[in-house]
Amino acid sequence: MDRRTFPLGAALTLALSCLCAGAQANDTTAMLGAGGLIFVQNDDVAMASEDLSISEKEVRVRYVFRNGSGKDVRSLVAFPLPDVAYYEGDTSIPNPDSDNFLDFRTSVDGKPVETGVERRVIALGLDRTKLLQDLKVPLMPISSATVAALDGLPEEKKRELLELGLVRIDEYDAGKGWERHLAPLNWTLKTTYFWTQTFPAGRDLIVEHRYRPSVGSSVGTLLGMASKDEFIVREQRAMDETFCIDAAFKTAVAKAPRPKGTDIAPFSEARLAYILKTGSNWLGPIADFTLTIDKGAPENLVSFCGTGVKKIGPTTFQMRAKDFEPLRDINILILKPQPKL
């Protein structure tokens, strides 16, 4: 993929990973990267097309699978949600108190699919799911219900979790005097939705899924700051690489009027992530790949890695490719102008 940006109210980047915060700024919210379907690789089923649309509100994917083997193929299909770990700050999760915390939905040939779900808590390399379930402690490490359940445990159970390294003591003053709670320090929640799918011989199968993405955000940005501070310079370079930021995008940021007495560009950040490399689990490359990104508002800037990207609407950009091999994941950066004071 080469680098391409659209500075006139349109710069765009595609991103993905596990739990990451991007560049640090005041009031930063961390994002989680989700992705596409994982299929037990074989030599029979190919992905004839993938139509992927990403915005801050929703991720939609439409696959067309083609079984050229001459016989029906039955296989496990899985959708792994991003890992969730304890984070000292806000983490952007649409529905943190639900098992389906990204509101994932899927259908096959237009009909909803009932999926199974596997949820596991891994702590220090060990599976502690049953232990927490026996204690009736929710598995989501960043849920207020989890903290409340931990606080309600008998003292001997609290000591056991401390000895196992699952939790730590967290003390703070939130305005009501010092509070003492157990924080789910070392556990990671792994969630996977799955079902068994028959890919019929001699005809295409359409699989669609959609979910609400985790969107990382911050009230400011380090981009555009003319600083020699080692941390700021390092973070700016990391963002250049992650989001494929080029000179045109930087010029658009630099031209934005600064508030009097400051060198800080008047933008807030939104970051999205999508795991694209799972598409390589299917037979051969993706025959017909379409990616559409919606930056939300015409005045926003967005930057991303892509080849042959075209602007197709006031806020939308599209990349199309034949025989596409997903060698890297998608990272998206959107800069939003801050209200004028």
Side-chain angles (χ1 to χ4, degrees), residues 14-18 31-42 44-67 72-84 92-120 139-140 189-215 272-294 324 326 329-330 332:
L14 304 160
L16 151 102
S17 66
C18 261
M31 68 179 175
L32 300 170
L37 302 178
I38 294 179
F39 177 67
V40 178
Q41 190 165 2
N42 62 47
D44 297 319
V45 179
M47 192 183 295
S49 69
E50 177 179 357
D51 191 341
L52 169 62
S53 298
I54 302 175
S55 72
E56 289 186 70
K57 294 181 179 180
E58 187 178 54
V59 174
R60 303 190 313 273
V61 191
R62 182 182 188 273
Y63 304 95
V64 176
F65 293 109
R66 186 163 296 157
N67 174 7
D72 290 353
V73 173
R74 188 169 174 82
S75 185
L76 181 73
V77 180
F79 177 79
L81 272 65
D83 290 351
V84 182
S92 172
I93 293 181
N95 196 359
D97 292 321
S98 170
D99 289 349
N100 188 3
F101 55 85
L102 295 185
D103 295 335
F104 170 72
R105 291 167 289 165
T106 192
S107 65
V108 174
D109 285 343
K111 298 179 180 180
V113 172
E114 287 191 21
T115 61
V117 60
E118 181 188 69
R119 306 176 77 233
R120 295 187 300 136
L139 304 183
M140 172 62 75
L189 173 62
K190 295 178 175 291
T191 305
T192 301
Y193 285 84
F194 61 91
W195 72 96
T196 301
Q197 182 63 53
T198 298
F199 296 85
R203 75 170 179 88
D204 293 344
L205 188 76
I206 297 173
V207 179
E208 298 174 277
H209 72 251
R210 59 180 57 195
Y211 59 88
R212 296 165 59 195
S214 170
V215 182
L272 294 97
Y274 186 87
I275 303 170
L276 189 63
K277 290 188 289 188
T278 52
S280 61
N281 292 326
W282 304 87
L283 172 65
I286 302 171
D288 188 356
F289 176 75
T290 302
L291 170 66
T292 304
I293 304 295
D294 189 336
F324 178 71
D329 293 322
I330 298 174
I332 304 170

**Student:** Assign the ring pair Phe79 / Phe104 to parallel, tilted or perpendicular, where the plane angle (0 to 90°) is split at 30° and 60°.
**Tutor:**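 Parallel.
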**Student:** Does the side chain of Val59 reach to within under 4.5 Å of the side chain of Leu52, using non-hydrogen atoms?
**Tutor:**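 Counting from C-beta outward, Val59 and Leu52 do come under 4.5 Å.
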**Student:** For Arg105, is there an ion pair with Glu58 - N to carboxylate O distance below 4.0 angstrom?
**Tutor:** yes
**Student:** Do NZ/NE/NH1/NH2 and the carboxylate oxygens of Arg210 and Glu208 come within less than 4.0 Å?
**Tutor:** no
**Student:** Answer yes or no: is there a side-chain heavy-atom contact under 4.5 Å between Val45 and Arg66?
**Tutor:**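 No, side chains not in contact.
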**Student:** Distance from Arg119 atom CZ to Leu189 atom CG, nearest 0.5 Å?
**Tutor:** 5.0 Å
**Student:** Do Val73 and Thr198 have side chains that approach each other closer than 4.5 Å (heavy atoms only, starting at C-beta)?
**Tutor:** no
**Student:** Look up atom OH in Tyr63 and atom CD1 in Ile206, then write down how far apart they are to the nearest 0.5 Å.
**Tutor:**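 It is 14.0 Å, given to the nearest 0.5 Å.
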**Student:** Given side chain to side chain contact (heavy atoms under 4.5 Å, CB included), test Thr196 with Arg74 step by step and report yes or no.
**Tutor:** CA-CA 7 Å; Thr196 301; Arg74 188 169 174 82; 3.5 Å; yes
**Student:** Using a 4.5 Å cut-off on heavy atoms from C-beta on, say whether the side chain of Ile93 contacts that of Val84.
**Tutor:** yes
**Student:** Walk me through whether Thr106 and Val207 qualify under side chain to side chain contact (heavy atoms under 4.5 Å, CB included).
**Tutor:** CA-CA 7 Å; Thr106 192; Val207 179; 4.1 Å; yes
**Student:** May I ask you to test the Asp329-Tyr274 pair for a side-chain heavy-atom distance under 4.5 Å?
**Tutor:**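 Result no, sub-4.5 Å side-chain heavy-atom pair not found.
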**Student:** What distance do Phe194 atom CZ and Leu76 atom CG have between them, rounded to the nearest 0.5 Å?
**Tutor:** 7.0 Å
**Student:** Can you find a pair of side-chain heavy atoms, one from Pro200 and one from Leu205, that are under 4.5 Å apart?
**Tutor:**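 Of all side-chain heavy-atom pairs linking Leu205 with Pro200, at least one is under 4.5 Å.
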**Student:** Could you give me the CA-CA distance, side-chain angles and deciding distance for Val77 and Phe199, then say whether side chain to side chain contact (heavy atoms under 4.5 Å, CB included) is met?
**Tutor:** CA-CA 11 Å; Val77 180; Phe199 296 85; 4.0 Å; yes
**Student:** Going by an N to O cut-off under 4.0 Å, is there a salt bridge joining Arg203 and Asp109?
**Tutor:**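 Yes.
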**Student:** For the atom pair CG (Asp72) and CG (Asn67), what is the distance rounded to the nearest 0.5 Å?
**Tutor:**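 With rounding to 0.5 Å, CG (Asp72) is 7.0 Å from CG (Asn67).
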**Student:** Answer yes or no: is there a side-chain heavy-atom contact under 4.5 Å between Thr191 and Phe101?
**Tutor:** yes
**Student:** Working to the nearest 0.5 angstrom, can you tell me the gap between Glu114 CD and Trp195 CH2?
**Tutor:** 12.5 Å
**Student:** Evaluate the side-chain proximity of Thr290 to Glu50: yes if any heavy-atom separation is below 4.5 Å, no if none is.
**Tutor:**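 Counting from C-beta outward, Glu50 and Thr290 never come under 4.5 Å.
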**Student:** Using every non-hydrogen atom in the two residues, find where Pro213 and Glu56 come nearest and quote the distance to one decimal.
**Tutor:**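 Shortest heavy-atom contact: CG-O, 3.3 Å.
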**Student:** What are the two closest heavy atoms between Leu102 and Pro94, and how far apart are they?
**Tutor:**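 Looking at all heavy atoms of both residues, the shortest contact is CD2-CD, 3.5 Å.
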**Student:** Decide yes or no on side chain to side chain contact (heavy atoms under 4.5 Å, CB included) for Asp51 and Phe289, but give the supporting numbers first.
**Tutor:** CA-CA 6 Å; Asp51 191 341; Phe289 176 75; over 6 Å; no
**Student:** Rounded to the nearest 0.5 Å, what separation is found between the CD atom of Glu118 and the OG1 atom of Thr192?
**Tutor:** 6.0 Å
